[in-house]
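Each remark here refers to the structure printed beneath this line.
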Amino acid sequence: MAIRAQILEQIYTIVAQIPPGRVTTYGRIAHMTEGATARLVGTAMRQLPTGHDLPWYRVIGASRRIADHGGAQRQHEQLRAEGVVFDASGRVPTHLMWPE
């Protein structure tokens with residue numbers, strides 16, 4: 001799926017602004033852009049080049065859980081290292097969602 005450069009730039013600019021210890025969803029990012037969908041944001045996260053410095057791991061699903069993917073364990077570890085907590089069902093508490 002080809003993503004327009006302008007939308008990619010918007011997505012990556014938003015992801016770069018997520019503060020440490022906070023998370024946001026694919027859908028929230030999509031709503032902050034000019035035409036992206038949550039699925040498109042997920043595609044953009046998967047297409048990040050090796051060696052990038054964007055905090056991709058701060059983007060989670062609308063259920064406030066980490067999606068089941070190849071990097072899920074690393075994502076969980078990175079979030080925990082930043083102080084993100086998960087409840088018994090694996091959800092991030094709403095007070096850690098960004099933006100408020």
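Computed over heavy atoms, backbone and side chain alike; hydrogens, waters and symmetry mates excluded.
- Heavy atoms from other residues, nucleotides or ligands lying under 6.0 Å from CG of Asp68 number 12 at most.
- When all heavy atoms are compared, the tightest approach of Ala36 to Ile7 is CB-CG2, 3.7 Å.
- Taken to the nearest 0.5 Å, the CG atom of Leu8 stands 8.5 Å off from the CG atom of Leu48.
- With Arg91 contributing its side chain and Arg64 its backbone, the two residues share no donor-acceptor pair below 3.5 Å.
- For His76, the ring-ring contact (aromatic ring centres under 6.0 Å, His included) partners at least two apart in sequence or on another chain are Phe86.
- Of the possible donor and acceptor atoms, one in the side chain of Gln75 sits under 3.5 Å from a partner among the backbone N and O of Tyr57.
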Side chain to side chain contact (heavy atoms under 4.5 Å, CB included) between His31 and Tyr26: does it pass, once the steps are laid out? CA-CA 9 Å; His31 283 111; Tyr26 300 102; over 6 Å; no
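- Each of Thr24, Val41, Ile29 was checked for a side-chain contact (heavy atoms from CB on, under 4.5 Å) with Val15, and the lone residue meeting it is Ile29.
- Taking CD of Gln17 as the start and CZ of Arg58 as the end, the distance is 12.0 Å to the nearest 0.5 Å.
- Val92 is not listed as a side-chain neighbour of Val85, based on a closest heavy-atom distance of 4.5 Å or more.
- A donor-acceptor contact shorter than 3.5 Å is absent between the side chain of Gln10 and the backbone of Met32.
- Taking 4.0 Å as the cut-off between side-chain N and carboxylate O, Arg4 and Glu9 do not count as a salt-bridged pair.
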Should Ile66 and Leu79 be marked as a side chain to side chain contact (heavy atoms under 4.5 Å, CB included) after you check the CA-CA gap, both sets of side-chain angles, and the distance that decides it? CA-CA 10 Å; Ile66 293 175; Leu79 289 173; 4.1 Å; yes
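- Formation of a donor-acceptor pair under 3.5 Å by the Arg65 side chain with backbone atoms of Ser89 is found in this model.
- Listed for the Tyr12 side chain is a donor-acceptor partner under 3.5 Å among the backbone atoms of Ala44.
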Test side chain to side chain contact (heavy atoms under 4.5 Å, CB included) applied to Thr25 and Met97, step by step: CA-CA 8 Å; Thr25 66; Met97 297 300 293; 3.4 Å; yes
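- Atom-to-atom distance recorded for Ile11:CD1 and Gln6:CD is 11.0 Å, nearest 0.5 angstrom.
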Evaluation steps, side chain to side chain contact (heavy atoms under 4.5 Å, CB included), between Ile18 and Val59: CA-CA 9 Å; Ile18 305 168; Val59 184; 3.9 Å; yes
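- Of all heavy-atom pairs spanning Ala38 and Ala30, the tightest one is N-CB, 3.6 Å.
- Salt-bridge check for Glu82 with Arg22: failed, with every basic side-chain N at 4.0 Å or more from each acidic carboxylate O.
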